[in-house]
Amino acid sequence: MANIKSAKKRILVIETKTLRNKAIKSKVKTMIKKVEAAIESGNKDAAQAALKVAASEINKAASKGIYHKNNASRKISRLSLAVNKM
């Protein structure tokens with residue numbers, strides 16, 4: 001455990017940021033699952049709508065530094081490819 005005041009503060013700040021990052025990652029994963037579920041059901045309109053929302057969430061996460069930009073681009077690309085193959 002830290003004894004220095006600034007180190008204690010950093011621990012608190014890191015916990016807050018970790019919770020925020022986990023929440024955003026969880027939201028992105030949920031959106032990806034919705035796209036995949038729409039693809040499985042064969043509903044192209046629903047899949048395209050879900051893809052639009054998911055891409056937006058992934059880009060927001062990338063802009064906040066939660067995902068690397070290449071990782072975000074790869075996720076969007078793979079989802080787009082899956083929807084277009086329907």
Side-chain angles (χ1 to χ4, degrees):
M1 184 62 196
N3 289 324
I4 298 168
K5 188 176 181 181
S6 61
K8 289 178 182 177
K9 181 180 177 186
R10 292 307 309 160
I11 290 169
L12 294 175
V13 170
I14 289 168
E15 284 177 6
T16 305
K17 288 184 177 183
T18 301
L19 290 174
R20 181 183 134 247
N21 291 348
K22 279 185 181 178
I24 294 171
K25 279 187 178 182
S26 176
K27 190 173 187 181
V28 167
K29 287 178 189 175
T30 303
M31 296 299 164
I32 290 171
K33 286 178 189 171
K34 286 184 180 180
V35 175
E36 291 170 349
I39 291 169
E40 287 292 321
S41 69
N43 190 347
K44 187 159 185 155
D45 292 334
Q48 287 176 335
L51 174 65
K52 189 174 181 182
V53 174
S56 174
E57 289 297 327
I58 293 169
N59 282 328
K60 283 180 192 173
S63 70
K64 292 177 183 176
I66 295 165
Y67 287 115
H68 190 275
K69 63 178 181 135
N70 292 353
N71 187 356
S73 294
R74 186 177 67 244
K75 287 179 185 296
I76 294 169
S77 178
R78 287 180 179 170
L79 287 174
S80 300
L81 186 65
V83 171
N84 290 337
K85 278 187 177 179
M86 289 182 71

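Hydrogens, waters and symmetry mates play no part in the numbers below; they use all other heavy atoms, side chains included. For this chain, numbers begin at 1 and follow the sequence in order.
- Residues that satisfy the salt bridge (charged side-chain N to carboxylate O under 4.0 Å, His left out) test with Lys33, not counting sequence neighbours, are absent from this structure.
- For Ala23, there are no side chain to side chain contact (heavy atoms under 4.5 Å, CB included) partners, not counting sequence neighbours.
- Atom CG of Asp45 and atom CE of Met86 lie 9.0 Å apart (nearest 0.5 Å).
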Output a table of donor-acceptor pairs, distance under 3.5 Å, between side-chain atoms of residues 47-57 and any protein atom two or more places apart or on a different chain; print 'none' if there are none.
none

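- Contact record, Ala38 with Ser41: O-OG, 2.9 Å, taken as the closest heavy-atom pair.
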Run the side-chain donor-acceptor check on residues 4-19: report pairs under 3.5 Å with partners two or more places apart or on a different chain.
unit_1, atom_1, unit_2, atom_2, d
Thr16, OG1, Leu12, O, 3.0
Thr18, OG1, Ile14, O, 2.7

Note to self: Applying side-chain contact (heavy atoms from CB on, under 4.5 Å) to Tyr67 and Ile24, what does each step give before you reach the verdict?
What the structure shows: CA-CA 10 Å; Tyr67 287 115; Ile24 294 171; 5.9 Å; no
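- Counting only residues at least two apart or on different chains, the side chain to side chain donor-acceptor pair (under 3.5 Å) pairs with a member in residues 68-82 are Asn71-Arg74.
- Distance check: Ile58 CD1 to Met31 CE gives 10.0 Å after rounding to the nearest 0.5 Å.
- For the atom pair CD1 (Ile39) and CG (Asn84), the distance works out to 9.5 Å, reported to the nearest 0.5 Å.
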